[in-house]
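Note sheet for the following structure.
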Amino acid sequence: MARRSGADPAGASHRRSRRGRGTLKFYLLIAPAVLLSAFVVVVPGVMTAVAAFTDWDGIGLQAQWIGLANFAEILDDPVFTTALGNNLRWMLLFLTIPVGIGLLTALLLLTRPRSRTVYQVVFLVPYVLAPITNAILWLNIIYNPISGVVGYANDHGLDLGTPLSNLNTAIYAIAAVDIWHFWGFLTVIYLAALRQTPVEQVEAALVEGANGWQVFRFVYLPNIRSTMQLMWVMIIIFSFLAFDYVWLLTQGGPAHATEMLSTYAYSFAFASFQFGKAAAVGLVMSFFGLISSFVYTWLSRKDLNA
């Protein structure tokens, strides 16, 4: 009895040794991911933040510290104001149109359990295609003023003009391409979230006499709220990173009508070699992404505490 109740230093030492080896293996396993994140994300991010306060030209290693001069210059530039307004307009478009289409389509696919897999594959085709492919398709099939849909409409009395060359319609013409490419992805995400709703809750609501709108509002919506919040945050972040379709279709023109913060920064970096100003614009873009991330974190904590 005394031996069993007494201390076992050898056993405790063995357990500590095993825990130590397990901890070492854990750190060795996560080391590649940590190092990759450090060299791909942290180091470039820090360098960009530092470059925003210098006059670095992106070529040599010499740069002069100029403080907030880059930020003052871009804030005084009317093109920056135009680009920021276009980004905000882009964000509002994508927070409404593709979200509405994707959610409505997902709800319709709930009633087609046999064929919805085929629909999901079809809807995802534009999303998996390269942006250059989608841009070429729209330029030649839709927006071509001679042989495209726009040209056909103009020849038959419906004057659509040239959407990509019109100052008032260019940004909406580009947004149409990106919405066409993006809404299928949202459909798949929302459908997956809707399918996680407990069947018992839906059946109970129907037994109580709830109509379709009431079932969606009081059963489906509370269950997919976290998914929708995450998608809203991702859309806001992507809205301030929008670049590919804008650059492929108009390169920010005509007359800066489709200028985005990303194309604005790209022009500074690779047209005039003002990498300091480009980095300053990049920090402004990151600022809006951080705000949306903080809002999402706050909403998530609020839901957990509710």
Side-chain angles (χ1 to χ4, degrees), residues 33 37 41 87-129 131 134 175-208 210-245 285-306:
S37 298
V41 179
N87 275 110
L88 293 173
R89 193 183 312 174
W90 190 275
M91 180 187 69
L92 293 176
L93 287 172
F94 276 78
L95 284 174
T96 52
I97 298 177
V99 169
I101 297 175
L103 187 57
L104 177 61
T105 308
L107 289 169
L108 293 175
L109 289 181
L110 273 178
T111 63
R112 306 185 68 89
R114 295 184 178 180
S115 58
R116 62 188 174 203
T117 300
V118 177
Y119 282 106
Q120 290 180 78
V121 172
V122 173
F123 294 156
L124 276 177
V125 169
Y127 188 78
V128 300
L129 290 177
N134 291 332
V177 182
D178 208 350
I179 289 172
W180 170 79
H181 138 269
F182 187 60
W183 73 267
F185 170 76
L186 290 179
T187 297
V188 174
I189 296 297
Y190 291 147
L191 179 60
L194 289 168
R195 292 179 62 186
Q196 299 302 315
T197 302
V199 179
E200 296 80 6
Q201 295 182 10
V202 179
E203 293 177 347
L206 294 175
V207 169
E208 292 293 331
N211 55 34
W213 165 249
Q214 291 172 331
V215 172
F216 169 73
R217 180 181 177 184
F218 297 107
V219 180
Y220 283 117
L221 188 58
N223 283 280
I224 67 171
R225 181 179 289 114
S226 59
T227 301
M228 294 189 67
Q229 289 174 351
L230 178 60
M231 288 298 102
W232 285 336
V233 171
M234 298 304 296
I235 289 172
I236 293 173
I237 294 174
F238 292 154
S239 295
F240 286 94
L241 299 178
F243 175 79
D244 45 10
Y245 287 103
M285 295 164 60
S286 302
F287 173 74
F288 289 99
L290 287 174
I291 291 178
S292 61
S293 300
F294 285 137
V295 171
Y296 172 70
T297 303
W298 177 75
L299 291 174
S300 299
R301 290 182 178 178
K302 185 178 179 181
D303 290 340
L304 290 175
N305 295 329

*asked:* Using a 6.0 Å cut-off, check whether atom OH of Tyr119 has over 12 heavy atoms from anything other than its own residue.
replied: no
*Asn223: what forms a side-chain hydrogen bond (donor to acceptor under 3.5 Å, both in side chains) with it, not counting sequence neighbours?*
Gln201
*Of the options Leu194, Thr197, Leu110, which is the one that meets Val202 in a side chain to side chain contact (heavy atoms under 4.5 Å, CB included)?*
Thr197
*Student check: side-chain heavy atoms of Asn87 and Ser239 closer than 4.5 Å*: no
_Donor-acceptor contact present, side-chain Gln214 to main-chain Asn211, <3.5 Å_ = yes
_Residue list, side-chain hydrogen bond (donor to acceptor under 3.5 Å, both in side chains) with Asp178, at least two apart or on another chain_ = His181
*What do you reckon, are the aromatic ring centroids of Phe94 and Trp90 less than 6.0 Å apart?*
yes
_Shortest non-hydrogen contact between Ala205 and Val219, atoms and distance_ = CB-CG2, 3.8 Å
*Are the side chains of Met228 and Leu221 in touch, meaning some heavy atoms are under 4.5 Å apart?*
yes
*Would you say the side-chain atoms of Thr187 pair up with the backbone N or O of Trp183, donor to acceptor, closer than 3.5 Å?*
yes
*Looking at side-chain heavy atoms only, is the closest gap between Ile235 and Leu186 below 4.5 Å?*
yes
*asked:* Let me confirm one number: the OG-CD1 distance from Ser286 to Ile237, rounded to the nearest 0.5 Å.
replied: 10.0 Å
*Point-to-point distance, once rounded to the nearest 0.5 Å, from CG of Leu241 to CD1 of Ile236*: 12.0 Å
*Between CG of Leu191 and CG of Leu108, what distance do you get to the nearest 0.5 Å?*
10.5 Å
*Minimum heavy-atom distance Ala192-Gln196, with the two atoms named*: O-CG, 3.2 Å
*Do you know the tightest heavy-atom contact between Leu93 and Ala175?*
CD1-CB, 3.9 Å
_Sub-4.5 Å side-chain heavy-atom contact between Arg116 and Arg195_ = yes
*For Phe123 and Val188, what are the C-alpha separation, side-chain angles and deciding distance, and is it a side chain to side chain contact (heavy atoms under 4.5 Å, CB included)?*
CA-CA 8 Å; Phe123 294 156; Val188 174; 5.5 Å; no
_Spacing of Phe185 atom CZ and Met234 atom CE [to the nearest 0.5 Å]_ = 7.5 Å
_Heavy-atom pair with the smallest gap, counting every atom of Phe216 and Pro222_ = O-CD, 4.4 Å
*Could you tell me which non-hydrogen atom of Asn134 sits nearest to which non-hydrogen atom of Pro126, and how far apart they are?*
ND2-O, 3.0 Å
*Min side-chain heavy-atom separation Trp232-Val99 under 4.5 Å*: yes
*Aromatic rings Phe238 and Phe182: how do their planes relate, parallel, tilted or perpendicular, breaks at 30° and 60°?*
perpendicular
_Return the CE to OG distance between Met91 and Ser292, rounded to the nearest 0.5 Å._
9.5 Å
*Do the non-hydrogen side-chain atoms of Leu92 and Leu88 ever get within less than 4.5 Å of each other?*
no
*Measure the CD1-CD1 distance between Ile179 and Ile101 for me, rounded to the nearest 0.5 Å.*
6.5 Å
*List in chain and number order the residues that pass ring pair (Phe, Tyr, Trp, His ring centres under 6.0 Å) with Tyr296, two or more places apart in sequence or in another chain; answer none if no residue qualifies.*
none
